[in-house]
Amino acid sequence: MSAGAPPVPTDASFYDRPVLEVAPDLVGCVLRYRGVAGRIVETEAYHASEPACHAYVGLTPRTEVLHGPPGVFYVYRSYGVHALLNTVVEPDGVGAAVLVRALEPLSGLQAMRTRRGLDRVQDLCSGPGKLTQALGIGLDLNATSVGERIEILPRPTGAEEPRVVTAERIGITRAVELPWRFCDAGSRCVSRPLPPAMRRGARAAA
DNA sequence: TAAACGATGCCCT
DNA sequence: GGGCATCGTTTAC
């Protein structure tokens, strides 16, 4: 890409950057798979240098993709039940990824409701395991490239810019102090509520 | 071969 | 707001 141009998530070079740049940049982008789409409202950064990251312990068969080139999806099973969706970032071999934690449903709502067995929009994709279920994303999509089957599209032109706030990551027991969670403060679809001070100005309506 | 541990979600109070 | 189900992956013996 040319110098000075804003990075776009349809470009492979978008992911060949520091994870702390890519993770907030993904907030507001659109994730689409088989006609079902949602706006990314929450991400988390993981890096091999800190113990909460799967790459921290080194290369295992399960984390092979995580140690590979950027711009590839790393999908793994959590708690024996849920599929969690990550995008590998940083140069080949570093072992860093962005976890997509929550979406705001945009299209294909009926398919999402059917897969989730729920009606409420704010419950469809408000969690890393929920969104993969809602979109029908399974472990078979591990190691596929961005744009190959799952697409990540730039923030729609003219759309309101997301107000990205940082917070501590969710559901981990190590390196809990790192503020590597990135949320759109204006969205009701985040996986866990933000502190009131961060929601100021948001269109509330609980 | 066996045991422990989760980047969670759901149902209960 | 808190506790528990669930089972693949990892690590230990």
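Labels below follow one simple rule: chain letters A, B, ... track the order of the sequence lines, proteins then strands, and each chain is numbered from 1.
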Tell me what Ile172(A) touches on the nucleic acid: a base, only sugar-phosphate, or nothing, going by heavy atoms under 4.0 Å. sugar-phosphate
Report the distance from atom OH of Tyr79(A) to atom P of dG6(B), rounded to the nearest whole Å. 7 Å
Comparing His82(A) with Leu139(A), nearest DNA chain C nucleotide closer to 5' gives the residue His82(A)
Counting heavy atoms from C-beta on, name the nucleotide in dT10(C), dC10(B), dA7(B) closest to the side chain of Tyr74(A). dA7(B)
Taking everything shown except Arg32(A) itself, do over 12 heavy atoms lie less than 6.0 Å from its CZ? no
Out of dT11(C), dT6(C), dA7(B), minimum distance to the side chain of Val81(A) belongs to dT6(C)
Rounded to whole angstrom units, what separation is found between the CG atom of Leu85(A) and the P atom of dG9(B)? 13 Å
Evaluate the salt bridge (charged side-chain N to carboxylate O under 4.0 Å, His left out) criterion for residues Glu50(A) and Arg169(A): first the C-alpha distance (whole Å), next the side-chain angles of each, then the deciding distance (0.1 Å), finally the verdict. CA-CA 13 Å; Glu50(A) 45 90 15; Arg169(A) 293 177 292 185; 3.0 Å; yes
Please determine whether a side-chain nitrogen of the Lys or Arg among Glu168(A) and Arg181(A) lies less than 4.0 Å from a carboxylate oxygen of the Asp or Glu. no
For DNA chain C, the dot-bracket pattern of Watson-Crick and G-U pairs whose distances stay under 3.5 Å, | for other-strand partners: |||||.||||||.
Residue of the set Pro7(A), Pro9(A), Cys29(A) for which side chain to side chain contact (heavy atoms under 4.5 Å, CB included) holds with Pro154(A): Pro9(A)
At 4.0 Å (heavy atoms only), tell me whether Arg116(A) reaches a base, stays on the sugar-phosphate, or touches nothing. sugar-phosphate
Report the distance from atom CZ of Arg192(A) to atom C1' of dC10(B), rounded to the nearest whole Å. 14 Å
Begin from the C-alpha positions of Arg115(A) and Gln133(A) and carry the test side-chain hydrogen bond (donor to acceptor under 3.5 Å, both in side chains) through to its verdict. CA-CA 6 Å; Arg115(A) 294 195 185 99; Gln133(A) 184 185 20; over 6 Å; no
